[in-house]
Amino acid sequence: MSWFDKFTEKSLRRVAQSSSRRGFLRGIGAVLVGSAASAPLLPVARADNHSASAPKEEGDPTQCEYWRYCATDGFLCTCCGGTYNSCPPGTEMSPITWIGTCQNPTDGRNYIISYNDCCGKGPCGACLCIRDEGDRPIYRSDKTNDYNWCLGTQSAVYHCSVARVVGLAVE
Amino acid sequence: MSWFDKFTEKSLRRVAQSSSRRGFLRGIGAVLVGSAASAPLLPVARADNHSASAPKEEGDPTQCEYWRYCATDGFLCTCCGGTYNSCPPGTEMSPITWIGTCQNPTDGRNYIISYNDCCGKGPCGACLCIRDEGDRPIYRSDKTNDYNWCLGTQSAVYHCSVARVVGLAVE
Amino acid sequence: MQKLYVQSTLVFLFALHAIDAWADDHRSTPIEPDPMGLVETLPAEYPEHWLLVMDAAFFHMLSGKVIVLDADADTLGKQYKGSMNASFIASLAQSTTKPEFYIAETFYSRGVRGDRTDVVTIYDKSTLDVLGEVLLPGGKRASAMPQRYALTLIDDDKLLLVYNFTPAQSITVVSTETRSVVAEVAIPGCVLAYPTGDRGFTSMCSDGGLLSTQLNEDGTLDSQERVASFFDTDEDPVFERPAIIDGIAYFPTFDGQVRPIDLNSNTARIMPEWSLVPEEEAEANWRPGGIAFTAKDDAGQLYVIMHPDGGEGTQNNGGTDVWVFDVENQTRVHKFPLKEWGLSIEVTRGENPLLVVTNGNFELEIYNSQTGELIRTLGGFGQETPFLVRGAQ
Amino acid sequence: MQKLYVQSTLVFLFALHAIDAWADDHRSTPIEPDPMGLVETLPAEYPEHWLLVMDAAFFHMLSGKVIVLDADADTLGKQYKGSMNASFIASLAQSTTKPEFYIAETFYSRGVRGDRTDVVTIYDKSTLDVLGEVLLPGGKRASAMPQRYALTLIDDDKLLLVYNFTPAQSITVVSTETRSVVAEVAIPGCVLAYPTGDRGFTSMCSDGGLLSTQLNEDGTLDSQERVASFFDTDEDPVFERPAIIDGIAYFPTFDGQVRPIDLNSNTARIMPEWSLVPEEEAEANWRPGGIAFTAKDDAGQLYVIMHPDGGEGTQNNGGTDVWVFDVENQTRVHKFPLKEWGLSIEVTRGENPLLVVTNGNFELEIYNSQTGELIRTLGGFGQETPFLVRGAQ
């Protein structure tokens, strides 16, 4: 899903308790790790340990600030019985999706992220996360989060959204 | 309706902003004008003006304290597009009802009040009013407000409750 | 407080007889019994300051509703006029030629699962009763944040246009005369339906162009005409949410311009853009934004929610101000600061219009539209997320 | 932040190539792509401290749900395990012999109107998928505040009992083996179904008596026996909401007594009542009350929400304390003050049970059931009005 980008103090409280009353929405945008399209990214400092066992990503996937969520909009499945890449029990992952490009601060790489919605149970209601950068009006269906993306599923009822890595932005 | 007697601070705030946190539920009971059954009522002071044009009842029917609501439980139809004795547009009044006896402070008389539910649209959600005196568990279906009383209507979906005078308690 | 059936009540009433008899001769005549089954009705034409509040109930989408409020009234009891249910992010249209509302909504046979049914439910304005419904085939109705032009009446309200997204895009044409579906018109790559020309509509397209469609009297497709791309949808996007004044749709852009499009002829005509932001305030980077953040009044003024410090990602945020524009002279005539952060706006019809703002607490702030004075705030009417408000027409 | 289909993404990715190539050889191997379509599952037997939270969504009754939470977890992400929808003040039962949940719920074909369908929806505990449903004929299912014994499993969970109120009272008997309705048993004047004897249930009646029913193996009526009135339903009412310990149902009374009823034999047997309130505290007029305000643990202790200054009208209020009783010795063993006002309680199974309290803010407070220490408060999980919580069995 993703059409609750439009946000509001009341609901945002569930996400970010500390924002000031006015301009809190802008505050949410500020946690983003920079936009690859609007300004080229510099590689971030790399971890000292380059071994295969080094963590490939860091951060808390139940928080809106998590790196994969740079273009998500909706309830985070990590707070609904799923994970950042799997749907909660009894829901169905939508095969139609929108795509974002997020930078992983751990390895400095840009990944293509697919924001699949999980469908078939009513709105989860937990961990609403809204990030609007790169969002366009609904005439750009490839870039809008104003639609409910529970399309091609048995039920179009929206429950929550995951953030799957589908590839490296550059090989 | 009437099965939201069970109450809670959160919802009660909509009704009574000023109650103290603990024991606020008891506070609601305290506004009642005494129980005709548990103690005989003394006639209240009568208005000086006894003419036919004198008001027959006083108070604000959008408030839970209004005299007719002594046994009501649910959303007041006066806040939902109805009045204290009529349903909001497009709803249907339930023919099955529970009965209370309330004292009208204006004339000191006891009236039989029928608390019909208005049905067929989703919960109104405004002016929740809870008074539990005389309520009994559901084995006393004549005296319980734990049921949804949208029975015998086209739809059993509860919207709000009215408080109809159906007769004088004593002639 | 005693809750009794009549029989048992009569028993103890007998016991009270002595007390009441004492007082009886001193009293006025008692209250007459109320009739059974009374149901209120509303006027077939609503007063100017009544609102249709579309509560999508985002956390409980099956339980959305449209609430009819009188913004002039002081108390909730007088404000709340009635309600209609509206399932799964429904759309609303109001006829001015028939006393009817149309709600395009979606049901599943088991709430969130089972068989899908899309319908246009027809309500009587006066009784708020369901007059009938039109089944929409194919389960295509777009499921999206509420949009004013996702459900559009044209041709003196004889035809109702339902926007579909599956993601294939089309318009289902419903006759409000026969209460049936009469056609489906493909609008590939385009969205929504802004009323246009004699009996048609214009849609906004992914290439930054437009598609103007005219229908025959029976609702079937007559002709379609594409208007070439006039903006860059990536770099310089136009919002798809205009206010339409005298047939000219004023579309704000992300960066604070307004792009008027003349919809009076059968094909849309692009007009020169102008800026919403006076030059001397350009540095604060004011931008339009919100949910339904544009509105107009019957005098032809344009209203837009604005926020300072705008940029990529702020376009749906809402704002601190409502700015009012004279579209003839392309000048700002008022700059109203809002009490709370504003998400959506509407302006009521008539000569003394009210400005209605859905704020971040999901209450409605009512302002004098000419002075910007806050008159009252409407809340506690059972609303969850009233994203969109329509003034009664 | 860029939301692109793969095609358009690839275009600008090319532009980034130079930058990334610079860094590539210094880096660890990249993250592997995630598979498509993953869906979580749960264990078929839930851990001891998992909860089934019944959120009736009183302001949006069509959108009720049952939320599975782990009360041991520290963060919402770890607490929230899954959910099931539950329409129109549904009831829940959990089998211990099959990995199944049963939800008795009601739908209308158009949300709040149209044709009514009552069903028992059968969920798989592990997948939270719908395994099937049993249509309940007649639109009789009781619509009331949630009750633990409005939906009761008996006979090793082979038979499921659905309480009906139209206002005629009956029990619809569903076979969980054949997933079909097998009988309807009239219980005139009586309510609910407390499991009783070999294959039966007891209902509480309007005269202050009981009705014990035994069923045949196929679920049809075998026998019914009335137990004479043992209390005055007007003057000295017994709550219909017991905790059942070793087949003995402990029913609190309005005035602070407890009335045990032995349900181990085929006919209920009244046992002597005893007081919940120690004599030295009688003056404060402590009374039991709330919504689901009784619970028990596997060690056989009884838990009751209590409030001081009780009286007519306070019986559903909830309270400031949870008191814990040794039912063998009929003594209070703990008196736990609650952080917030408490409405409903539950105690989890096993040797280290947790006390769960639905508070007046509609959050869940988790206490150590033996010390009364507040461990954590669960909130923000999308709940509206979680009237009733069940420990996972």
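Lettering follows sequence order; numbering is per chain, from 1.
If you take CZ on C:Arg113 and CD on D:Glu133, they are separated by 7.0 Å, rounding to the nearest 0.5 Å. With values rounded to the nearest 0.5 angstrom, C:Asn85 atom CG is found 13.5 Å from D:Arg110 atom CZ.
At a 4.5 Å heavy-atom cutoff, D:Thr106 makes no contact with chain C through either its backbone or its side chain. In this structure, chain C has no heavy atom under 4.5 Å from any part of D:Ser87.
With a 6.0 Å radius and a threshold of 12 heavy atoms from other residues, nucleotides or ligands, C:Asp236 has its CG atom above the threshold. At most 12 heavy atoms of other shown residues, nucleotides or ligands fall within 6.0 angstrom of atom CG in D:Asp115.
Two residues are said to be in side-chain contact when any heavy atoms from C-beta on lie closer than 4.5 Å; C:His60 and D:Met61 fail this criterion.
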